J.: 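The structure follows.
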2 protein chains.
Amino acid sequence: MLCPGPRPRNAAATRTAILDAARERFAAESYDDVGMRDIARDVGVDAALISRYFGSKDDLFVAALDSCGDGSALMSGEKADFGRRVAHEIVFEPKKAEKLKGMSIMLRSIGSAKAAEMVQSSCTQRFFGPLEDWLSGPDATVRARLLAGFIMGMSVSRELGGGTFNIEPAECEKMRDRLAPILQSLIDG
Amino acid sequence: MLCPGPRPRNAAATRTAILDAARERFAAESYDDVGMRDIARDVGVDAALISRYFGSKDDLFVAALDSCGDGSALMSGEKADFGRRVAHEIVFEPKKAEKLKGMSIMLRSIGSAKAAEMVQSSCTQRFFGPLEDWLSGPDATVRARLLAGFIMGMSVSRELGGGTFNIEPAECEKMRDRLAPILQSLIDG
DNA sequence: GACGCTTGTCAACAGGCGTTGACAAAGCCA
DNA sequence: TGGCTTTGTCAACGCCTGTTGACAAGCGTC
């Protein structure tokens, strides 16, 4: 993706390229594991330029988080189908399940004190809030938290298996079939 | 807790003191956030001594993880009561819910690539495995994963709220009441 | 009491980090 | 063409980290 030759002089394009790379990195590695020089290398640029464009690593992190949009991707599609659809994605298509790059970033950095602090403020606003509104009905707040918690928890569980759930294919189907109605029950109210 | 005067010369006691402090630190902060000097200060000892006793930071980390025991604390008590009991702990007594210090350590360090790698190996053996055996019955593997995922997910959700769920007390009760039957259904089979 | 092993401290090292300021090159405008 | 601003690079700084080897002090043993 990184083509040779000097990078064309285009501040706006470079800036968004940096932001894209940062979002990708922060979604794949923890705040501490991601280095400015890593991101710079991804873009094909000097690390110093990032500091000039975004100020500090912290500022870049929140910019990357803010650029993820809200959880609308998760909430697209039929409500009646949500349980099966999301359960399937969680078990069989983890990459797709993490449409919300922001969720990956949260998960990656929840351990780091500094990153967690930055995440917390935007989390309720960008994630819990929209989900709550979308759910509506009784106890929407609580149902949203449970839903988000379960989805993130399954991501953690997968991560602990080393990227996969590390179970038989047949077990995967059973997992999906057990997960689906639980999620759906939280959607339905 | 750190009494003045020179530490009495007692290698065994010092070693376990270091291990205890490390377990506590790693359960409260991410692998990267915990420094050797932090742990050393907790114990009232020089950081160099830790290297001598445990080799490297990595070795200390796995030692701390290994010292957490298996998930037996989670599995004590009546099965018929599990849902309500654990749901209550998750919502109202997070510290108690994390009886399994190992779970906290996993959560804290799941983002860091290096720490995650160390965690993965012992996770199945020390956490998923015992839980699976305890559950027994049909699809025990899958149910164990779901159970563990949900519990950890609620921890993440709480963490994203900044240490609490950040919801009204009345909502907390509703959360508990919705969570309990879901957990219990996974116990019952 | 003197030796020797153990236990602990101290200072320093190499390496990595985010960040900074000086410099080079590209494009624009007169 | 000559200056000026923008865009990007480079080298270096200060800081922090885990780790090491040399040194000091305690304690049992001969």
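Owing to the predicted nature of the structure, the values given are computational and were not obtained by experimental measurement. So you know, we letter chains A, B, ... as the sequences are listed, proteins then strands, and number each from 1.
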J.: Any salt bridge (Lys or Arg N to Asp or Glu O under 4.0 Å) pairs touching residues 165-176 of chain B, not counting sequence neighbours?
T.: A:Asp139-B:Lys174
J.: Given atom CZ of A:Arg52 and atom P of D:dT7, what is their separation to the nearest angstrom?
T.: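 One finds 9 Å between P of D:dT7 and CZ of A:Arg52, rounded.
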J.: Distance check needed: D:dG18 C1' versus B:Asp59 CG, whole Å only.
T.: 12 Å
J.: A:Asp46 CG to D:dT6 P: how many Å, rounded?
T.: 20 Å
J.: Do the side chain of B:Asp33 and the main chain of A:Ala113 share a donor and acceptor less than 3.5 angstrom apart?
T.: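 Yes: the side chain of B:Asp33 pairs with the backbone of A:Ala113.
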J.: State plainly whether the residues A:Arg85 and A:Glu89 are in salt-bridge range, i.e. N to O under 4.0 Å.
T.: no
J.: Determine the contact category for B:Tyr53: base if any of its heavy atoms lies under 4.0 Å from a base atom, sugar-phosphate if only primed atoms, P, OP1 or OP2 are that close, otherwise nothing.
T.: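 Sugar-phosphate, backbone atoms only, no base.
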J.: How long is the line joining CG of A:Asn10 and P of D:dT5, in whole Å?
T.: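 The answer, rounded to whole Å, is 21 Å.
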J.: Might you work through the side-chain hydrogen bond (donor to acceptor under 3.5 Å, both in side chains) test for A:Ser56 and A:Asp59, ending with a clear yes or no?
T.: CA-CA 5 Å; A:Ser56 67; A:Asp59 294 332; 3.2 Å; yes
J.: Between P on C:dG16 and CD on A:Glu29, what's the gap in Å once rounded to a whole number?
T.: 16 Å
J.: Run the salt-bridge test on A:Lys101 and A:Glu24 with the 4.0 Å N-O cut-off and return the result as yes or no.
T.: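 A salt bridge is present here (some side-chain N lies under 4.0 Å from a carboxylate O).
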J.: Could you tell me if B:Arg145 sits above the aromatic ring of A:Phe165, with its cationic atom closer than 6.0 Å to the ring centre and no more than 45 degrees from the axis?
T.: no
J.: Identify whether the distance between the nearest side-chain nitrogen and carboxylate oxygen of B:Arg84 and B:Asp81 falls below 4.0 Å.
T.: no
J.: Atom CD1 of B:Ile18 to atom C1' of D:dT19: distance rounded to whole Å?
T.: 15 Å
J.: Mark yes or no: A:Lys57 above the aromatic ring of A:Tyr31, with NZ or CZ under 6.0 Å from the six-membered ring centre and no more than 45 degrees from the axis.
T.: yes
J.: Within less than 4.0 Å of OP1 or OP2 of C:dG8, is there a side-chain N or O belonging to B:Thr14?
T.: yes
J.: Measure the distance from OH on A:Tyr31 to P on C:dC17 and round it to the nearest whole Å.
T.: 13 Å
J.: Produce the list of close N/O pairs, under 3.5 Å, pairing protein atoms with atoms of nucleotides 4-6 of chain C; give distances to one decimal.
T.:
| residue | atom | partner | partner atom | Å |
| --- | --- | --- | --- | --- |
| C:dT6 | O2 | B:Arg9 | NH2 | 2.2 |

J.: Would you tell me whether A:Ser67 and A:Arg23 have side-chain atoms, one donor and one acceptor, within less than 3.5 Å of each other?
T.: yes
J.: When you compare the protein's N or O atoms with those of nucleotides 15-17 of chain D, which come within less than 3.5 Å of each other, and at what distance?
T.:
none

J.: Once you round it to whole Å, what is the distance between C1' of D:dA25 and CG of B:Leu49?
T.: 14 Å
